[in-house]
S.K.: 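Input: one structure, supplied below.
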Number of protein chains: 2
Amino acid sequence: MTVSRLVKVKKACQNCNVRELCLPTSLEGVELNLMDEVVQQRIRLQQGDYLYNTGDGFKGIYAIKSGSLKTSGITIDGKEQVTGFHLGGEIIGMDAIDEEIHACDAIALTDTEVCHLPFDKIREISIQIPPLLKDLTRIMSREIRREEHVLMLLGSTTAEQRIARFLVNLYDRLQKRGELENIITLFMSRQDVGNYLGLAIETVSRQFKNFRDKQIIEVDKKNIKVLDMQRLLEIAE
Amino acid sequence: MTVSRLVKVKKACQNCNVRELCLPTSLEGVELNLMDEVVQQRIRLQQGDYLYNTGDGFKGIYAIKSGSLKTSGITIDGKEQVTGFHLGGEIIGMDAIDEEIHACDAIALTDTEVCHLPFDKIREISIQIPPLLKDLTRIMSREIRREEHVLMLLGSTTAEQRIARFLVNLYDRLQKRGELENIITLFMSRQDVGNYLGLAIETVSRQFKNFRDKQIIEVDKKNIKVLDMQRLLEIAE
DNA sequence: ATAATAAATTGATCCAAAGCAAATACAACC
DNA sequence: GGTTGTATTTGCTTTGGATCAATTTATTAT
């Protein structure tokens, strides 16, 4: 099902123009340069579609144009473990470069558009255009640091602190992408939040209530309005 | 103190020969190729020495020849958070490539030797020798996957499972490096283990006792002898 | 050696978050 | 509209692991 979608999109959008079709406004210079040179196709995903599955052969990395995805692996005992949420302007799939096999699933959480960046071509062009090589290493380095950051996030002891840090992080990323002032759109389920943060969904729900009671946020299903960012930052520390 | 050590080593070991001086036997091909081209100096660290501090300017990445290090960041509220343990054959410092500032501390847990790999030179040579570019991206990809793996590790609910997974992971890495059969040498303190796994040191201690009572391991201070790997794997799942 | 300091273990208590269960809200479908 | 299935919230109970405190075991210095 996902595969047929991919094929269809491929036909519809060969060599699409980067600037026109595949550029989230939030993309920073490094991604922009890279994409400009190597983008070949745009892929549309509906909510729930897989961009790739664990075990899939590596075909390249993906720049997220719009929408959102989660990456999640399967632990040895068969349970899902969400390892990250990804927004427009970010690049995913770099964990598969080494072994040429994807080590996790990437699933669209909303309708999403990504640009496929064939990695062989990236390498090829990086040799011809040295500044692009710098961009490439910077992008990969950033991903390493992002994951280190998640590790720090999970280091917090209390559920309250984890949720606060999660919200602050998401807020920052959404604001950077020009989303509505003070609104955090949770594009993932409570289940995914809990899984990601190592908390039961009930705990996630109760912490939202906790912050609501303290007049720090307003919760309307998937939309969270931040009323008191100062307090939220204090709790996150 | 660390700085003076670095300077001293620099003088003693300029342009040391890679094959002779800086090669852990466990280094895989990709690191080996890379190092062969760009290694300039070897750095000796004593237990407790910092290879770099958070905020230090980025001077390059480091291939660990022998010994072990931990990387740890400081959370917003000032507490330490261990983000990884690193053994001979691994490469650290790649999180700083993007912003050219180290985002964490790297501290030697035992007497350690590392090879300094200036990153500008790596890029330069990668352009001249394309296979090295592939090696470089593979090494960075591997680091991304390693951190994803840690995230999965922390996803496990119970302390017992976390400790089991931690031991299995360490066992595998040490065996790959040709360490003694069935012996896991804990080169880090219980404090570090607990911090890394998000557990109190008392819990770490009690879980070791738990596995000891179950005849799964034998604990002699820093040395853990695995008596029943099957059981350990079952608990880790 | 012995003292002093730090690391690790063990015991006992307490609490935050998990687990269970039931109720409510939402979405998709006929 | 109503019905079914899913997601979320809320209440209640249980428990795993944190915390506090004391002891034992290492390590370092004198």
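Naming convention: chains lettered A, B, ... in sequence-line order (proteins, then strands); numbering from 1 in each chain. Below, all heavy atoms of this structure are taken into account, side chains as well, without hydrogens, waters or symmetry copies.
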S.K.: Sequence neighbours left out, what pairs pass ring pair (Phe, Tyr, Trp, His ring centres under 6.0 Å) with at least one residue falling in residues 73-94 of chain B?
M.R.: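 Every pair satisfying ring pair (Phe, Tyr, Trp, His ring centres under 6.0 Å) with a residue in residues 73-94 of chain B: B:Phe85-B:Tyr196.
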S.K.: Touch check for A:Arg162, heavy atoms < 4.0 angstrom, all strands: base, sugar-phosphate only, or nothing?
M.R.: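 Result for A:Arg162 = nothing.
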S.K.: From CD1 of B:Ile163 over to P of C:dT9, roughly how many Å is that when rounded to an integer?
M.R.: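 It is 11 Å, rounded to the nearest whole Å.
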S.K.: Between B:Val226 and B:Tyr171, is any pair of side-chain heavy atoms under 4.5 Å apart?
M.R.: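 B:Val226 vs B:Tyr171: side chains touch.
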S.K.: Check the distance between C:dA18's P and B:Gln161's CD and give it to me in whole angstrom.
M.R.: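 Answer to the nearest Å: 15 Å.
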S.K.: When all nucleic acid strands are considered with a 4.0 Å heavy-atom cut-off, which category describes A:Gly198: base, sugar-phosphate, or nothing?
M.R.: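 The answer is sugar-phosphate, as A:Gly198 gets under 4.0 Å only of primed atoms, P, OP1 or OP2.
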S.K.: May I ask you to test the B:Ile184-B:Asn223 pair for a side-chain heavy-atom distance under 4.5 Å?
M.R.: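 Not in contact.
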S.K.: Need the bend value for the helix from C:dA1-D:dT30 to C:dC30-D:dG1: angle between end axes, 5 pairs each end, nearest 10°.
M.R.: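 Rounded value for the end-axis angle: 50°.
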S.K.: Report all interatomic pairs (protein N or O, nucleotide N or O of nucleotides 27-30 of chain C) with separations under 3.5 Å.
M.R.:
unit_1 : atom_1 : unit_2   : atom_2 : d
C:dA27 : OP1    : A:Lys221 : NZ     : 3.2

S.K.: Could you check if a side-chain atom of B:Leu227 sits within less than 4.5 angstrom of a side-chain atom of B:Ile216, using non-hydrogen atoms only?
M.R.: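 With C-beta onward as the side chain, the pair stays apart.
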S.K.: Taking salt bridge (charged side-chain N to carboxylate O under 4.0 Å, His left out) as the test, write out the residues that go with B:Asp192, two or more places apart.
M.R.: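 B:Lys70.
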S.K.: Are there over 12 heavy-atom neighbours, none belonging to A:Lys214, within less than 6.0 Å of that residue's NZ?
M.R.: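 Atom NZ in A:Lys214 is packed in, count exceeds 12.
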S.K.: Shorter than 3.5 Å, N or O on both sides, protein versus nucleotides 19-23 of chain C: list them out with atom names.
M.R.:
unit_1 : atom_1 : unit_2   : atom_2 : d
C:dG19 : O6     : A:Arg206 : NH2    : 2.8
C:dC20 : N4     : A:Glu202 : OE2    : 3.0

S.K.: Need two values: the first and the last nucleotide of DNA chain D, 5' to 3', having an atom under 4.0 Å from any heavy-atom of chain B.
M.R.: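 Here the contact window of chain B covers D:dG17 to D:dT27.
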S.K.: By side chain to side chain donor-acceptor pair (under 3.5 Å), which residues pair with A:Arg146, not counting sequence neighbours?
M.R.: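 Per chain and number, A:Arg146 pairs via side chain to side chain donor-acceptor pair (under 3.5 Å) with A:Glu143.
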S.K.: Who are the salt bridge (charged side-chain N to carboxylate O under 4.0 Å, His left out) partners of A:Lys79, not counting sequence neighbours?
M.R.: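 Per chain and number, A:Lys79 pairs via salt bridge (charged side-chain N to carboxylate O under 4.0 Å, His left out) with A:Asp77.
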S.K.: Using a strict threshold of under 4.0 Å (side-chain N to carboxylate O), is an ion pair present between B:Glu147 and B:Arg142?
M.R.: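 Result for this pair is no, no salt bridge flagged.
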S.K.: For A:Asn210 and C:dA16, give me the distance from atom CG to atom C1', rounded to whole Å.
M.R.: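 Atom-to-atom, A:Asn210 to C:dA16, this comes out as 12 Å.
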S.K.: Using atom CG of B:Asp192 as one end and atom P of C:dA6 as the other, report the distance to the nearest whole Å.
M.R.: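 Going from B:Asp192 (CG) to C:dA6 (P), I get 16 Å.
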S.K.: Sequence neighbours excluded, which residues qualify as salt bridge (charged side-chain N to carboxylate O under 4.0 Å, His left out) partners of B:Lys222?
M.R.: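 Once residues adjacent in sequence are excluded, B:Lys222 has no partner under the salt bridge (charged side-chain N to carboxylate O under 4.0 Å, His left out) criterion.
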S.K.: Could you state the atom-to-atom distance from CD1 of A:Ile235 to C1' of C:dA16 in whole Å?
M.R.: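 The answer, rounded to whole Å, is 16 Å.
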S.K.: To the nearest angstrom, how far is B:Leu199 atom CG from C:dT9 atom P?
M.R.: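 It works out to 14 Å between those atoms.
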S.K.: Checking B:Thr110 side chain against B:Ser68 main chain: does a donor-acceptor pair fall under 3.5 Å?
M.R.: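 Yes: the side chain of B:Thr110 pairs with the backbone of B:Ser68.
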S.K.: Want to settle it: does B:Val204 or A:Thr158 sit nearer the 5' end of DNA chain C, counting the closest nucleotide to each?
M.R.: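 Residue closer to the 5' terminus by nearest nucleotide: B:Val204.
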S.K.: Under the side chain to side chain donor-acceptor pair (under 3.5 Å) test, which residues partner B:Thr83, sequence neighbours left out?
M.R.: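 Here the qualifying residues are B:Thr71.
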S.K.: On DNA chain D, check which nucleotide each of B:Thr203 and A:Ser189 is closest to and give me the residue with the more 5' one.
M.R.: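 Final value for this comparison: A:Ser189.
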S.K.: Please name all residues satisfying side chain to side chain donor-acceptor pair (under 3.5 Å) with A:Arg145, sequence neighbours left out, ordered by chain then number.
M.R.: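 A:Arg145 satisfies side chain to side chain donor-acceptor pair (under 3.5 Å) with B:Asp98, B:Glu99 once adjacent residues are dropped.
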S.K.: How long is the line joining NZ of A:Lys79 and P of C:dA18, in whole Å?
M.R.: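 These atoms are roughly 13 Å apart.
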S.K.: Could you pull out all residues at least two apart from B:Thr54 that satisfy side chain to side chain donor-acceptor pair (under 3.5 Å)?
M.R.: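 B:Asp105.
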S.K.: In whole angstrom, give the distance that lies between atom CD of B:Glu160 and atom P of C:dA18.
M.R.: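 Roughly 18 Å, once rounded to whole Å.
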